[in-house]
Each structure stands twice: as structure tokens, then as C-alpha cells.
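Working notes, structure below.
In what follows, chains are A, B, ... by sequence order, proteins preceding strands, each numbered from 1. Note: hydrogens, waters and symmetry copies are ignored here, and every other heavy atom, side chains too, is used.
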There are 2 protein chains.
Amino acid sequence: MRQLLERIDREILTGGGKRSRSRAAVIERFFLERHHVTIEELTRSVRESAPRVGAVTVYRTLKLLERLGYAKELDFGEGAKRYESNLASHHDHLVCRKCGTVIEFENRDIEKLQERVTRRHGFQPTSHRLEIYGFCRKCAPGKAAEEVRCPR
Amino acid sequence: MRQLLERIDREILTGGGKRSRSRAAVIERFFLERHHVTIEELTRSVRESAPRVGAVTVYRTLKLLERLGYAKELDFGEGAKRYESNLASHHDHLVCRKCGTVIEFENRDIEKLQERVTRRHGFQPTSHRLEIYGFCRKCAPGKAAEEVRCPR
DNA sequence: ATGATGATGAAATTCAATTTCATAATATTC
DNA sequence: GAATATTATGAAATTGAATTTCATCATCAT
Ligand SMILES: [Mn+2]
Ligand SMILES: [Mn+2]
Ligand SMILES: [Zn+2]
Ligand SMILES: [Zn+2]
């Protein structure tokens, strides 16, 4: 952890940036988070230990971490984006539409097939997103309130 | 086409709705679109034949078509959402980060593997989204302006 | 035609995200 | 250890897509 923070600090320095307490607070909290967090959630968390940090700094710091390759931006269609550490290996997500639980999975076969698809189209892939929406074990009762068709 | 429009009209009627000229104009234009359109693009298109139609009606009509199962909402992270007809069979997308070209593909093997993944997690899937971002054949020169690391 | 209810669209509102800008913090130079 | 230069901060303002409001219009049933 210490190692990581120092390494990021060094990268920022190298890039012409300066150290900052607020940013350090955001970065530390971010990597302590267990789940995929929104800016709002992370801001609340940061303020427990550094109450004066503004949400704008959280926005800026996460964009920075993303540019440096340490964070990943996610969008589960909730309105606000979520972020996760990009230190672990690549994975995709199962998102429960009822309770919001997110299950992570990794499937090399799917990734292989994706590569084949892109090759077939002369497409040079740089990233992808695969999200499967539905109901998790807890939230999948016999019949969920599925398709209610109504014009309004 | 005529068939489709009448069928949708009937469904709306059944659901307690009424016919409307503005909405009909939006629906007709929508199904004539070849590409994935934003609300703004579709509104411009609609106004060529029905100049008084407001953007709000386009928003509302697309939400309606989505609820009825005739349209699909897409989000390629551009800020504005895109919509496509849901009449054709399911497919996923390759999105060029440079020129914006969208290539559609269909891969039964990937879908099968997805089902296996969800089953393994006791997850009941209702939909998914798979998008692969990168550079299309035209836009993939030896080295694209890939990773420029800079703290700001 | 009349009345009831749905649909419309301009304007107002919402809300995440970004920009602005005066001030504060940090690095560099002497 | 100042003085100076440059970056970072955060409150407030701004943006922009999407939604809501509401007075008015259109459509349907009687
Ligand atoms: Mn994850
Ligand atoms: Mn498509
Ligand atoms: Zn759930
Ligand atoms: Zn391209």
C-alpha cells in the first residue's frame, strides 16, 4: 500500500505534478474500498479522515488515476459512474437489477472469442466492457416483475 | 413498415394510449434510420418532415418503444445515449474510438459462455451488453496516439 | 358536438460532471 | 530559509443530457 502510494506519487512528480495532501487522502481511501464506488460515496468516505476535501478533487483524482492506469471507470447505467482499482486482473460484471449487487467474473474463453471477432473485422481492440444484468441468487424469486407493457 | 406502425399503434391503443401525429412521425423516422442515432440526431431528422415536433416527444417516444420492446438503448460513453431498432436479432458492437464507426457482430459461442457463467453464479440474466472499443480498419495506423501519461 | 383523458412542447428543473478563478500548497531557485 | 514559479484546491458557476411541469391541444368514447 505504502509502496503503491509512493509509486503513484513518483509518477505524478515525473509528469510535472506536485504532491498534495487532499489527493493523497483520496488515493488512499480509493484503494481501501472493497466495492465499486461512486464519486459521491468515495467523497463521503474521504471526508471521514479529511473533512475539507472537495468533491471536485475526488473527480480530478480519479480521472488522474484512470489516466495513469490505476483505476477503471464503470457505468452500470445508474446515472453516476463507478470506479474500481485496476490493480487486479481483468474481469467483467454481473449486475443485479434489484439489489445492485455486483459479481465479478473472469472468462478466458470469452476473451479469446472476442479477439477472434475483432481479428475477423480488422479491428484493433483497446478495451471492452461486458456486463450481464439480471437478478442475483437472492433476488430471483420464481417470477420477478419482468415485462410490464404499458404505453406510459 | 406500414404493418409495423399499425401494430405499434394497436398496442398503444390497447394499453390505454391514443394516436398522435408527432409520435407517428418519430416512430416512422426511427425505423428508417440506418445507424444508431442520438435523440438529437433523430429530432433533426424528424423535423425535416414534421418541423414542430419537440425533442421531448422524441425522448418520450423512444422510451415508449423501448418499453414495448421495439427499441434498444445503447451507451457508447459519448455523453448522449443512442438508440437502435430491436427488430433484428441480438448483436453486440465494435466501436471505433476515432471515427465513431460501429460494427455489429453476433457470436453464439460468446452468448453460450455467458449463459454458463451466469448459471455458475446462480444469476438469472435478463440482458447484457458487450462492447469492444478500439480502432477500425481505416483508423488503425501502425501506432495510434495510445497512452500519453500525464498527470493533468 | 361534448366531455374525458392522453399527448404535446416550451420552459423549468434535475443532476452528474466540468470549468472557472481566486486562494492555498508545494517545488525550485537563489 | 526566503522569494518565486507552478501546480492543486475547492466553492461557485456552468454545462448538457434527461426529466418534470403545466397550460394547451388532439384524440377517443358517448
Ligand atoms: Mn469489478
Ligand atoms: Mn447495433
Ligand atoms: Zn440482487
Ligand atoms: Zn474508425
Side-chain angles (χ1 to χ4, degrees), chain A residues 6 8-29 36-44 46-47 49-68 71 73-83 150-152, chain B residues 5-6 8-29 36-44 46-47 49-68 71 73-83 149-152:
Chain A
E6 282 171 13
I8 295 176
D9 248 9
R10 243 177 291 125
E11 276 187 55
I12 291 173
L13 261 288
T14 302
K18 294 179 179 175
R19 256 178 273 266
S20 125
R21 308 204 160 285
S22 296
R23 191 164 53 195
V26 175
I27 295 177
E28 175 153 21
R29 279 282 174 169
H36 313 80
V37 286
T38 61
I39 296 288
E40 200 248 332
E41 287 167 356
L42 184 56
T43 302
R44 260 206 307 277
V46 168
R47 284 179 172 160
S49 58
R52 325 190 59 88
V53 173
V56 193
T57 294
V58 182
Y59 273 103
R60 283 192 282 231
T61 301
L62 286 189
K63 287 287 182 209
L64 169 60
L65 287 178
E66 197 192 4
R67 251 178 284 131
L68 295 179
E73 194 180 76
L74 304 173
D75 185 348
F76 297 150
E78 302 167 296
K81 286 173 180 142
R82 290 186 177 272
Y83 294 83
C150 152
R152 280 168 299 293
Chain B
L5 301 182
E6 282 172 12
I8 294 177
D9 248 10
R10 241 177 293 126
E11 276 189 56
I12 292 173
L13 262 287
T14 301
K18 293 178 179 175
R19 257 177 273 265
S20 125
R21 307 205 161 284
S22 297
R23 190 165 54 195
V26 176
I27 296 176
E28 177 154 20
R29 280 281 174 171
H36 313 78
V37 286
T38 61
I39 295 289
E40 201 248 333
E41 287 167 356
L42 185 55
T43 301
R44 262 207 305 278
V46 167
R47 284 178 172 161
S49 57
R52 325 190 58 90
V53 173
V56 193
T57 295
V58 183
Y59 274 104
R60 283 192 280 231
T61 301
L62 286 189
K63 287 288 182 208
L64 169 60
L65 288 178
E66 198 192 4
R67 251 178 284 130
L68 295 178
E73 195 180 76
L74 305 173
D75 185 350
F76 297 149
E78 302 166 296
K81 286 172 180 144
R82 289 186 178 274
Y83 294 84
R149 294 197 173 185
C150 153
R152 279 167 302 293

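Here dT24(D) presents its C1' atom at 13 Å from CZ of Arg52(B), a figure rounded to the nearest Å. One can place CG of Leu13(B) at 11 Å from C1' of dG6(C), the figure rounded to the nearest angstrom. Leu64(A) has its CG atom 14 Å from the P atom of dT18(C), to the nearest Å. The distance from atom CD of Glu73(A) to atom C1' of dA16(C) is 12 Å, rounded to the nearest whole Å. For the pair Leu74(B) CG and dA17(D) C1', the interatomic distance rounds to 16 Å; values are reported in whole Å. Atom CZ in Arg60(B) sits about 11 Å away from atom C1' in dG6(C), given to the nearest Å. Taking atom CD1 on Ile12(B) and atom P on dA26(D), their separation rounds to 18 Å, with Å as the unit. Separating the CG atom of Asp9(B) from the P atom of dA7(C) is a distance of 11 Å, rounded to the nearest angstrom.
Put simply, Lys63(A) has a side-chain N or O that comes within less than 4.0 Å of OP1 or OP2 on dT18(C). For the pair Ser20(A) and dT7(D), the criterion of a side-chain N or O lying under 4.0 Å from OP1 or OP2 is not met. Contact annotation: Arg21(B) side-chain N/O to dT8(C) OP1/OP2 distance is not under 4.0 Å. In terms of phosphate contacts, Arg19(A) brings a side-chain nitrogen or oxygen within less than 4.0 Å of OP1 or OP2 of dA27(C). Put simply, Ser22(A) has a side-chain N or O that comes within less than 4.0 Å of OP1 or OP2 on dG10(D).
Both Gly79(B) and Lys18(B) sit near DNA chain D, but only Gly79(B) has its closest nucleotide nearer the 5' end.
Which of dA18(D), dT9(D), dT18(C) sits closest to the side chain of Ile39(B) comes down to dA18(D). Relative to the side chain of Ala80(B), the nucleotides dT19(C), dA18(D), dA17(C) differ in distance, and dA18(D) lies closest. For Val53(A), taking side-chain heavy atoms from C-beta onward, the closest of the listed nucleotides dA10(C), dG10(D), dA18(D) is dG10(D). The Val56(B) side chain lies nearest to dA11(C) when the options are dA12(D), dA11(C), dA17(C). You'll find that the side chain of Tyr59(A) is closest to dA16(C), out of dG10(D), dA16(C), dA4(C). Ranking dG9(C), dA18(D), dT5(C) by closeness to the Lys81(B) side chain, first place goes to dA18(D).
In this structure, CZ on Arg23(A) lies 7.5 Å from CG on Asp9(A), to the nearest 0.5 angstrom.
The only option from Val58(A), Thr43(A), Leu65(A) that meets the side-chain contact (heavy atoms from CB on, under 4.5 Å) definition with Val26(A) turns out to be Val58(A).
Under the Watson-Crick and G-U wobble criteria, each requiring two contacts below 3.5 Å, nucleotide dT30(D) is paired to dA1(C).
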Problem set entry | Test log, rule side chain to side chain contact (heavy atoms under 4.5 Å, CB included), inputs Arg44(A) and Glu41(A) | CA-CA 5 Å; Arg44(A) 260 206 307 277; Glu41(A) 287 167 356; 4.0 Å; yes

For this session: Kindly indicate, with the supporting measurements, whether the criterion side chain to side chain contact (heavy atoms under 4.5 Å, CB included) is fulfilled by Ile12(B) and Leu64(B).
Result: CA-CA 9 Å; Ile12(B) 292 173; Leu64(B) 169 60; 3.8 Å; yes

Problem set entry | Arg19(A)/Leu13(A) under side chain to side chain contact (heavy atoms under 4.5 Å, CB included): CA gap, chis, key distance, verdict | CA-CA 7 Å; Arg19(A) 256 178 273 266; Leu13(A) 261 288; 4.3 Å; yes

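The two residues Ala71(A) and Leu62(A) have their closest heavy-atom pair at CB-O, 4.4 Å.
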